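First comes the structure, then the notes that go with it.
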Amino acid sequence: MPELPEVETIRRDLESVISGRSVASAWVSENAPRLVQLIPPDEFCKQLKGQRIERLSRRGKYLILNLQSGLIWAVHLRMTGRFQHNVEGCPESPYLRAWFELDDGSFLCFADLRKFGMMWLVDDFSAVNPLLGPEPLEDGFDLKEFAATMKRRSAPVKALLLDQTVLAGVGNIYADEALFAAGIRPARAASTLTRPAVARLHQRVQDVLHAALGDRGSSFSDYVDASGQQGSHQLNVQVFRRTGEPCYACGTEIRRIKVAGRSTHYCPRCQK
DNA sequence: CTTATTCCCTGATTGC
DNA sequence: TGCAATCAGGGAATAA
């Protein structure tokens with residue numbers, strides 16, 4: 001499941017490889033009716049053709065290809081989307097949903113087992129998502145504002161970490177990891193957190209994302225980078241998918257519960 | 001405004 | 001063993 005570190009890894013990989021290239025031709029599968037948003041797929045392909053990719057950026061879990069025309073090509077991988085660059089065509093896959101041939105003959109390939117992934121071609125990112133919260137690894141992630149949000153919400157603290165309007169880019173893996181690192185129970189009502197706990201969480205979210213970036217993301221199931229390689233942070237998690245295994249800090253068995261409709265992993269001793 | 005639930009989709013897992 | 005029901009997950013849509 002690509003979250004901020006995974007999408008950022010793809011962005012960095014693609015930046016040097018496809019910047020300056022133009023789209024020579026585009027194809028979207030008939031079997032992916034929800035992939036292209038806002039406009040019909042054939043219109044999307046037609047508009048994309050000839051566009052030069054100036055640079056790549058990212059907002060939360062959205063990969064953004066900034067086109068020289070000023071248009072924005074946004075891609076969200078959701079759960080199982082893969083966005084890969086291949087020099088010689090796209091690898092055979094029953095889940096290939098779209099491809100984009102570039103002017104050097106290489107291909108951007110979009111495969112997606114569950115068809116939850118989406119793409120947009122818009123003038124402004126606000127047309128894609130107008131309510132996205134601050135980037136957790138940039139100055140806009142303000143502690144005071146974060147604390148104020150926590151204070152007035154009764155939802156479980158994990159639900160707020162997953163809320164993309166509160167902060168952009170954290171998903172199930174890094175929400176669990178950040179809460180462990182901060183010593184906070186995921187089901188705890190956000191409004192009951194002390195100020196020091198909120199400050200700790202604010203810092204740990206950033207630490208956990210940085211660590212995952214250093215490992216080129218986590219590959220628990222489908223995630224691979226733009227070259228098809230797995231990340232390695234799944235080998236370095238403290239709680240995520242470690243149900244029944246001993247906590248590295250205290251030896252207590254990691255528990256799994258449901259919070260905000262998502263599988264949630266925590267150490268009952270280290271997290272209060 | 002909030003929080004909780006449903007839905008999309010399909011391979012993997014669980015249960016009888 | 002076999003086959004159906006349930007689960008997983010991001011996040012939008014819908015319900016309460």
Side-chain angles (χ1 to χ4, degrees), chain A residues 1-8 10 28-38 41 58-64 74-83 93-98 110-120 122 125-136 145 148-178 186-193 205 209 212 217-224 231 233-234 237 239-244 255-265:
Chain A
M1 330 125 211
E3 304 179 21
L4 186 154
E6 289 76 26
V7 179
E8 178 62 18
I10 293 173
V28 174
S29 169
E30 301 265 333
N31 188 28
R34 294 165 186 274
L35 173 54
V36 176
Q37 298 285 300
L38 306 177
R58 180 191 54 74
R59 270 292 275 136
K61 303 176 193 175
Y62 296 86
L63 178 68
I64 299 173
V75 179
H76 198 302
L77 302 172
R78 291 288 192 100
M79 289 184 59
T80 56
R82 293 178 170 193
F83 201 61
S93 162
Y95 310 123
L96 185 69
R97 311 298 183 197
F110 180 79
D112 186 12
L113 188 152
R114 290 192 181 137
K115 302 188 203 175
F116 288 174
M118 293 176 178
M119 293 186 185
W120 299 256
V122 293
F125 183 76
S126 63
V128 172
N129 188 334
L131 300 173
L132 204 54
E135 286 294 322
E145 200 180 320
T149 303
M150 293 286 151
K151 202 73 210 172
R152 66 180 161 76
R153 301 279 294 265
S154 63
V157 56
K158 177 169 173 182
L160 296 198
L161 290 183
L162 294 175
D163 185 338
Q164 302 298 297
T165 67
V166 173
L167 70 165
V170 171
N172 211 29
I173 300 170
Y174 304 115
D176 281 4
E177 292 299 306
R188 179 102 171 262
S191 57
T192 68
L193 293 179
V205 164
L209 293 174
S218 306
S219 293
F220 282 97
S221 50
D222 297 271
Y223 170 72
V224 291
H233 196 68
Q234 70 279 5
V237 292
V239 291
F240 189 76
R241 292 209 183 164
R242 295 197 61 243
T243 312
R255 285 189 194 160
R256 189 174 98 156
I257 57 172
K258 275 256 193 237
V259 175
R262 294 284 175 265
S263 286
T264 298
H265 314 75

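Everything numeric here is computed off the predicted structure, so don't read it as measured data. Per chain, numbering begins at 1; letters A, B, ... match sequence-line order.
For C/dG11, the base is not stacked against the aromatic ring of A/F116, per a cut-off of 5.5 Å between centres and 30° between planes.
Among C/dA8, B/dC9, C/dG9, the nucleotide with an atom closest to any side-chain atom of A/K115 is B/dC9. Residue A/L113 places its side chain closer to B/dG11 than to any other of C/dA8, B/dC9, B/dG11.
At a threshold of 4.0 angstrom between heavy atoms, the contacts of A/N129 are confined to the sugar-phosphate backbone, with no base atom among them. Across all strands, A/R97 comes closer than 4.0 Å to no nucleic acid atom at all (heavy-atom distances). Counting non-hydrogen atoms under 4.0 angstrom, A/T80 reaches nothing in the nucleic acid. Residue contacts shown for A/Y62 are limited to sugar-phosphate atoms, with no base heavy atom under 4.0 Å away.
Close to C/dG10, at under 4.0 Å from its OP1 or OP2, lies no side-chain N or O of A/H76. Taking only side-chain nitrogens and oxygens, A/R262 never comes nearer than 4.0 Å to OP1 or OP2 of C/dA8. Taking 4.0 angstrom as the limit, A/R34 places a side-chain polar atom (N or O) nearer than this to OP1 or OP2 of B/dC9. Residue A/Y95 has no polar side-chain atom (N or O) positioned under 4.0 Å from OP1 or OP2 of B/dT10. For A/R78 and B/dT10, the shortest distance from a side-chain N or O to OP1 or OP2 is not below 4.0 Å. For A/K258, no side-chain nitrogen or oxygen approaches OP1 or OP2 of C/dC7 to under 4.0 Å. Within the structure, a side-chain polar atom (N or O) of A/R152 is placed less than 4.0 Å from OP1 or OP2 of B/dT2. The phosphate of B/dT3 (OP1 or OP2) has a side-chain N or O of A/R153 nearer than 4.0 angstrom.
Spacing between atom CG of A/N172 and atom P of C/dC7 amounts to 16 Å, rounded to whole angstrom units. Atom CG in A/L131 sits about 11 Å away from atom C1' in C/dA12, given to the nearest Å.
The C1' atoms of five pairs define one axis at each end of the helix from B/dT2-C/dA16 to B/dC16-C/dG2, and these two axes lie 70° apart (to 10°).
Remark: the backbone N or O of A/F240 is paired with a side-chain donor or acceptor of A/E177 at under 3.5 angstrom.
Residues A/E3 and A/K61 are not paired through a salt bridge, judged by the lack of any N-O separation under 4.0 Å between the basic side chain and the carboxylate. Salt-bridge formation is detected for the pair A/R153/A/D163: a Lys NZ or Arg NE/NH1/NH2 atom is positioned less than 4.0 Å from an Asp or Glu carboxylate oxygen.
Of all heavy-atom pairs between A/L35 and A/A98, the closest is CD2-CB, 3.9 Å.
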